[in-house]
Visitor: 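Would you mind keeping the following structure in view while I ask a few things?
Atoms within each ligand, like the ligands themselves, are counted from 1 in listed order. Computed from a predicted model, the values in this text were never measured in an experiment.
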Amino acid sequence: MLKIENLHASVEDKNILKGINLEVKPGEVHAIMGPNGSGKSTLSSVVAGKEEYEVTDGKIFFNGEDIEELAAEERAHKGIFLSFQYPVEIPGVSVTNFIKTAINESRKAKGLEDMPAKDMLKLIREKSELLEIDRKFLSRSLNEGFSGGEKKRNEIFQMAMLEPKLAILDETDSGLDIDALRIVANGVNKLKSKDNAVVVITHYQRLLDYIVPDFVHVLHNGRIVKSGGKELAHELEERGYDWIKEEAANA
Ligand SMILES: Nc1ncnc2c1ncn2[C@@H]1O[C@H](COP(=O)(O)OP(=O)(O)OP(=O)(O)O)[C@@H](O)[C@H]1O
Ligand SMILES: [Mg+2]
C-alpha cells in the first residue's frame, strides 16, 4: 500500500529526513516512535503532501503509484488521511457539515454525484453510534472551543466517515489524557480492516497497549534506526532512547 524508498526531505533548506525506508501493507498497524525532533511529524507531512516540505531524494509509492507530483488534496482523495489535517476553527460550520462537504468533494474528484442526503444521514448515524459520539457534538462549530479530547473525537469521526485506506495519526504533541487515548484507540480498532492500514506516531507506549501494532519503528535523526514488534515499544519505555542512539552511532 505505502512504500517509501530512501526518502530525503527538507524544510526551509534544513535536511530533516535522511533516507527513510518503510513499507506498510494492507491490514497492518505500524507505530513510529522516537525522540522529539527526530522527524516523525515531518515524515507524516511529507507523505500527506504538505507543501512546505521538499522531497530532495527518494520515492513514495501509494498503491504502486509514485505520488510525488500529487497535491495534498489529491492524495487525500486517493485515501491518505492525516490527523489534524483540518485543525482550523470554522465558526458557523458544524462538525457534520464539514464532513459532508469533505465527502462530496472527494466524490466529485472521482466523478461521482453528491451522496444522497438519506445515505449521508445513515452513514453519520452509523459512524457516530460506532464511536459513541452524541448528537450535540455533531452540531457544534468545527474545532471552536474544542478540548483536546473533543478534537480527537472529531478527528476519529472524520476518519470513520472518510474511510481512508491509509490513516496516519500523529499523536505527538496533542497532550492526550487517558480518555483521549481510549477514544483514539477504540476508534482505530473499530475501523481496522484487512484492506486498510494505520500508522500511529506516538510517544506513549500506553497507547500501544490499546492499539496493538504489528511493527514498531524508531526514528532518530531522520532515519529509521530500529524496527521490531510490539515488544520494542516496551523496551523503549523501560530503557529510553540512549541505547538506540548509541547503536545508531556505532552502526
Ligand atoms: N515547518 C518547519 N520549519 C522549520 N523547521 C521545521 C519545520 N518542520 C519541522 N522542522 C524541524 O524538523 C525537525 C524535526 O521535526 P518534527 O516535527 O518532524 O519532529 P518530531 O519527531 O515530530 O518531534 P516531536 O516528537 O517533538 O513531535 C525539528 O528540528 C524541527 O524543528
Ligand atoms: Mg511531531
Visitor: Looking at N189, N186, T202, V198, which one forms a side chain to side chain contact (heavy atoms under 4.5 Å, CB included) with I211?
Guide: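 Testing I211 for a side chain to side chain contact (heavy atoms under 4.5 Å, CB included) against N189, N186, T202, V198 leaves exactly one candidate, N189.
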
Visitor: With F157, which of M159, R153, M161 fulfils side chain to side chain contact (heavy atoms under 4.5 Å, CB included)?
Guide: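 Between F157 and the candidates, side chain to side chain contact (heavy atoms under 4.5 Å, CB included) is satisfied uniquely by M161.
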
Visitor: Just heavy atoms, cut-off under 4.0 Å: does H203 contact ligand 1 by side chain, backbone, both, or neither?
Guide: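 The answer is the side chain.
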
Visitor: Suppose I only count heavy atoms of I16 and a 4.0 Å limit; which atoms of ligand 1 are within that range?
Guide: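 Near I16, meaning under 4.0 Å from one of its heavy atoms, ligand 1 has 11 (C), 12 (O), 13 (C), 14 (C).
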
Visitor: At their closest point, which heavy atom of K78 faces which heavy atom of K165, and how far apart are they?
Guide: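 Where K78 meets K165 most closely, the heavy atoms are O-NZ, 3.5 Å.
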
Visitor: Taking 4.0 angstrom as the limit and counting only heavy atoms of T42, give me the atoms of ligand 1 inside it, by number and element.
Guide: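 Listed by number with element: 9 (C), 14 (C), 15 (O), 16 (P), 18 (O).
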
Visitor: Is any side-chain heavy atom of V216 less than 4.5 Å from a side-chain heavy atom of M33?
Guide: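 Yes. Closest side-chain heavy atoms under 4.5 Å.
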
Visitor: Quick check on the Mg ion (ligand 2): does T42 put an N/O/S atom closer than 2.8 Å to it?
Guide: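 Checking the Mg ion (ligand 2) against T42, no N, O or S atom falls under 2.8 Å.
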
Visitor: For ligand 1, which atoms have a heavy atom of E12 less than 4.0 angstrom away?
Guide: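 Near E12, meaning under 4.0 Å from one of its heavy atoms, ligand 1 has 3 (N), 4 (C).
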
Visitor: With heavy-atom distances below 4.5 Å as the criterion, would you say the side chains of V29 and V212 are in contact?
Guide: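 When only atoms from C-beta onward are counted, V212 and V29 do not touch, as no gap falls below 4.5 Å.
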
Visitor: Would you check whether G39 has a nitrogen or oxygen atom less than 3.5 angstrom from a nitrogen or oxygen atom of ligand 1?
Guide: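 Yes, at least one N or O pair falls under 3.5 Å.
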
